[in-house]
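Notes for the one structure printed next.
Naming: A, B, ... by sequence-line order, numbering from 1 per chain.
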Amino acid sequence: MSNSIPFNHIYLIDGSGYIFRAFYGIPPMTRPDGTPVNAVYGYTNMLIKLLADHESDGFAVIFDAGRESFRNEFYPQYKAQRPDAPEELIPQFGLIREATRAFNLPSIEMKGYEADDLIATYAREAKEAGVKVTIVSSDKDLMQLVEPDVELLDPMKNIAIGEEQVLDKFGVKPDRVVDVQALAGDSVDNVPGVPGIGIKTAAQLINEYGDLESLLNRAEEIKQPKRRQNLIEHAELARISRRLVELKRDVPVDDDLSGFDRMDPDGSVLRAFLEENGFRSIIARLGETLGGGNEAGQSAEAEAAPGESEYELVQTKDALARWIAEANKEGIVTIDTETTGLDAHSAELVGVSLSCKAGKACYIPVGHRSTEAAAAADSDQGGLDLAGPTDGSDDTPSQIPRDEAIALLKPVLEDAGVLKVGQNIKYDMIVLARYGIEMAPIDDTMLLSYVIEGGLHGHGMDDLAQLHFGHSTIKFKDVAGSGKSQVTFDKVPLDKALDYAAEDADITGRLHRLLKPRLVTDRMTTVYETIERPLVPVLARMERTGIKVDRDVLRRMSNDFAQRLAELETQIHTLAGRSFTIGSPKQLGEILFDEMSLPGGKKGKSGAYATGADILESLAAQGHDLPARVLDWRQLAKLKSTYTDSLQEQINPETGRIHTSYAQAIASTGRLSSNDPNLQNIPIRTEEGRKIREAFVAEEGCKLLSVDYSQIELRLAAEIADIESLRQAFLEGQDIHAITASQVFGVPVEGMDPMIRRQAKAINFGIIYGISAFGLANNLRIPQNEARNYIAAYFERYPGIKAYMERAKADCKKHGFVTTLFGRKIHIPAIGEKNPARKNFGERAAINAPIQGTAADVIKRAMIRVPRALATAGLDAKMLLQVHDELLFEVPEAQIEETTAVVREVMEKACDPALKLSVPLVADAGVGRNWAEAH
DNA sequence: GCCCTCACG
DNA sequence: GACGTACGTGAGGGCC
């Protein structure tokens, strides 16, 4: 314990490891003088995040001092095959050390040793001095250092790596990691290892023999002849490998550990560094913490930092009038509503916050009730809240009556000359619409962020405040409590409500001033102004309309399912020989593979048997009864719990309809998603499930009209990848999968074997998803080799596809994003990953995103135009739902034909006039009393 | 709160 | 032998 170390917890940062990952992971960027700085930028951000998120009191950044280290003395090939650093990276090495010093952190390196050795040495010293150690690195070579009080933190993924994660990765405890690495080798670092042995085998051997030396000494005992021979022959190579991978923990370091205590940076030094490198967004974000020194003057009207703000509680009409006058004068106001719940369709308005300037915001309570905070503490008598305040103690807070506040706010909120800015403003629009306010025009910071940085991070207020201002917003839990003692916002005391609500409006305003100008610099104005922004009122209207649901249909199905589930349960338990929880994959796996010893038991990484539908199906096909029944049980259980039961609860008692919410800033590709409930995944593929659609019905005198795009993604693939023959087939209205089969497999379309067509269809889909032999093989249940041949044949027939795929990957790698035909950017940071699995994932996403994203743009454009087209034609149809390539309407029976024509026209022409496609878009329509009939 | 499974396009 | 596999979502139940 006793030591002269002035801290309790040290962060040792692997600077060199980070440089490379940042360089390849962050899109190229240069500062005004042309120097590339993307890795510097990433590194700077990482430091800020580390320093902000972690309270440790010791910090040091460690670098490699050069290419050569003592390891090359006994093994010259070590890391020798590595290519030279890319030209754009070279100037950044120095800048990153400069950045480190600008943050007032020690920058440590030593000739002849790698950063890892210095880290190992300091970690040992710290541990011996009783100091906790966190090593910040994503290099697996450092995993050998993990022990109690020494952990690894992956800065890109922000996950901690302890003994358990090491065991996962190497199959052994940290103290045996070097033995495993010595056997398995490492092609990246040119560590030879023993031929024919990978990590899995190495771990198995080490676990069996204890350690490397024992294994090599007893190599004769190995049963497999080839492996035995290799171990004997290459024993020396294994020993050398071990010396290569084992980190040196006793480097005679120059710098003393005790000097690594954390010191705050000098604001002006840091500012100078950030300015020199053109990191304006970081300067803006750090704001106040950089302190004075603003000579450059480029941020003359720098905003006060979040947290230093002046918030006003508005309790009188006079005060409210002042704020409204301010909004009118400025022509812009940020707004946020507080309600009693998350569901915009049923929550009641509790208060409104407004902000016109940074640091200034107000909160107008209109529906707060007696706080009950004190009362709730001693006796939580729950239950009914009988006629108003109990005990006659009327402690309802002083506030403007709701209806009067709404009457005052309505004119400014509907004033075309005053822009209303919100974060997810659709929510506020829906709430206010229920009180008679049709808010317009609007801007939404969530959507600004979505179009500018979609795919890079989430776009919730908390994410954005943290990201752009390094500010942690007050959490809802902090004002309303959590768990059992959570209260609705109307019961939150006014002072707390003010802090919380006014901050939201304030932060939203700050985000708007930061992000709106970036539309122009990032060339995203068109996507925002022609797609996302005009879509907001359209979605709000659809959500408010909702869809009528016949509760009796659902109730009858639920009852039927309950009965059949009970029967199945009995049968399954009988077959299993005992009772168990069928819904537990863990218990089911044990029954199937341990107790019944059925074949094919495979454990995943969590140690549980896999029991997915594909596995149960193959067992069922082998004639086993139990898995077949479990499949039936699962289908019914899913339909009952997710659909027939829960949809009944989702019917709004006031409207008798179900009102979903569309999330406009979730899906990276630009698609919408639907939640609470999700109406985009109502069953259709099985007959049993499809019946659920019969419960979605039209109002008396109306029918449901479903119009969906035919093969839109494949059409867009033909367009984007420029596949002439595919395009021709679409132009001629041919059976596209049959044509593909005919062209790839060389069989005539006439009298084609349906199996062949099915395979071609799977390939066509595969193309859209960024095909792989593994994926196609799995899908078609054919050997991987066969799948590989199909793909090769396809590429040969349609070389444009291959070219497109390569182009998409290269584009994405270069810029960090791909784009749709309408200019939407889809960032895919995974493309820069070193881990091949993650990188491959990124590549497939890069292939799919422009296609899926363009389709999303197309239907959004159609949705924006449909309401006006219907109004112009004098039609009363209501748009109810969107399901990616389908729009569902409720149409008066007398207007069906006309409405169908108008909607199809709008959908098929949705690209005009922005884009002239060389492939026709086709929309098919269906009509019925319910959704099953209409689709 | 995470994992597994499964519903959709 | 391998990093692990088709793209994009949301929801419910089990389990720690």
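As a whole-Å value, the separation of A:Arg844 CZ from C:dA6 P is 7 Å. Atoms NZ (A:Lys140) and P (C:dC3) sit 9 Å apart, rounded to a whole Å. Separating the CG atom of A:Leu881 from the P atom of B:dA7 is a distance of 20 Å, rounded to the nearest angstrom. What separates NZ of A:Lys834 from C1' of C:dG4 is a distance of 18 Å, to the nearest Å. When rounded to the nearest whole Å, the span between CG of A:Leu565 and C1' of C:dG13 equals 14 Å. Counting to the nearest Å, the P atom of B:dT5 and the CZ atom of A:Arg634 are 6 Å from each other. If you take CD1 of A:Ile767 and P of C:dA6, they are 16 Å apart, rounded to a whole angstrom. Counting to the nearest Å, the P atom of C:dG1 and the CG atom of A:Asp186 are 18 Å from each other.
Judged as a ring-ring contact (aromatic ring centres under 6.0 Å, His included), and not counting sequence neighbours, the contacts of A:Phe817 are A:His815, A:His827. Residues forming a side chain to side chain donor-acceptor pair (under 3.5 Å) with A:Glu163 (at least two apart in sequence, or on another chain): none. Applying the side chain to side chain donor-acceptor pair (under 3.5 Å) rule to A:Asp189 yields the partners A:Arg82; only residues at least two apart in sequence or on another chain are considered. Checked against side chain to side chain donor-acceptor pair (under 3.5 Å), A:Ser241 has no partners two or more places apart in sequence or in another chain. Scored by the side chain to side chain donor-acceptor pair (under 3.5 Å) test, A:Arg824 finds A:Glu532, A:Asp857 as partners (sequence neighbours excluded). The salt bridge (charged side-chain N to carboxylate O under 4.0 Å, His left out) check on A:Glu543 picks up A:Lys426, with sequence neighbours excluded.
Across all strands shown, A:Ile771 has heavy atoms under 4.0 Å from base atoms, whether or not it also approaches the sugar-phosphate. No contact: A:Glu713 has no heavy atom under 4.0 Å from any strand. When heavy atoms are screened at a 4.0 angstrom cut-off, A:Phe841 is found touching the sugar-phosphate backbone but no base atom. A:Gly770 comes within contact range of no nucleotide atom at all, as no heavy-atom separation falls under 4.0 Å. Using a 4.0 Å heavy-atom criterion, one finds that A:Ile682 contacts the sugar-phosphate atoms exclusively. Residue-level contact check: A:Asn840 touches the bases, meaning some heavy atom is under 4.0 Å from a base atom.
Using a 4.0 Å cut-off on heavy atoms, the residues of residues 773-783 of chain A that approach DNA chain C are A:Phe774, A:Gly775, A:Leu776, A:Asn779, listed by number. At a non-hydrogen distance threshold of 4.0 Å, nothing from residues 196-206 of chain A comes into contact with DNA chain B. Within residues 663-681 of chain A, the residues having any heavy atom under 4.0 Å from DNA chain B are, by residue number, A:Arg671, A:Gln680, A:Asn681.
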Given Watson-Crick or G-U pairs with both distances under 3.5 Å, what dot-bracket string fits DNA chain C, with | for other-strand pairs and [ ] for crossing?
......|||||||||.
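Heavy-atom distances to DNA chain C give each of A:Pro836 and A:Ala762 a nearest nucleotide, and the one nearer the 5′ end belongs to A:Pro836.
Distance check: A:Leu183 CG to A:Ile206 CD1 gives 5.0 Å after rounding to the nearest 0.5 Å.
Using a 3.5 Å distance cut-off with no hydrogens or angles, the side chains of A:Ser674 and A:Gln680 do not pair a donor with an acceptor. Inspection of the A:His659 and A:Gln650 side chains reveals no N or O donor paired with an N or O acceptor under 3.5 Å. For the residue pair A:Ser661/A:Asp676, the side-chain donor-acceptor check at 3.5 Å is not satisfied.
The side chain of A:Thr642 has C:dG12 as its nearest neighbour among C:dG12, B:dC8, B:dG9. Checked against C:dA6, B:dC8, C:dG8, the side chain of A:Gln852 finds its nearest nucleotide in C:dG8. Comparing B:dC4, C:dC3, C:dT5 against the side chain of A:Ala837 picks out C:dC3 as the nearest.
Under a 4.0 Å N-O distance rule, the pair A:Arg904/A:Asp924 does not qualify as a salt bridge. Salt bridge annotation for A:Arg781-A:Glu617: present, with a cationic side-chain nitrogen under 4.0 angstrom from a carboxylate oxygen. Under 4.0 Å is where a charged nitrogen must lie from a carboxylate oxygen, and between A:Arg578 and A:Glu595 at least one such pair does.
Within the structure, salt bridge (Lys or Arg N to Asp or Glu O under 4.0 Å) contacts touching residues 710-721 of chain A (residues at least two apart or in different chains) are A:Arg671-A:Glu713.
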Counting only pairs under 3.5 Å, give me each side-chain donor-acceptor contact of residues 760-774 of chain A, with atom names and distances, residues two or more places apart or in other chains.
| from | atom 1 | to | atom 2 | distance (Å) |
| --- | --- | --- | --- | --- |
| A:Asn764 | OD1 | A:Tyr794 | OH | 2.9 |
| A:Asn764 | ND2 | A:His737 | ND1 | 3.0 |
| A:Asn764 | ND2 | A:Thr740 | OG1 | 3.1 |
| A:Ser772 | OG | A:Gly775 | N | 3.0 |

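Of the side-chain N and O atoms in A:Thr581, none sit less than 4.0 angstrom from OP1 or OP2 of C:dG13.
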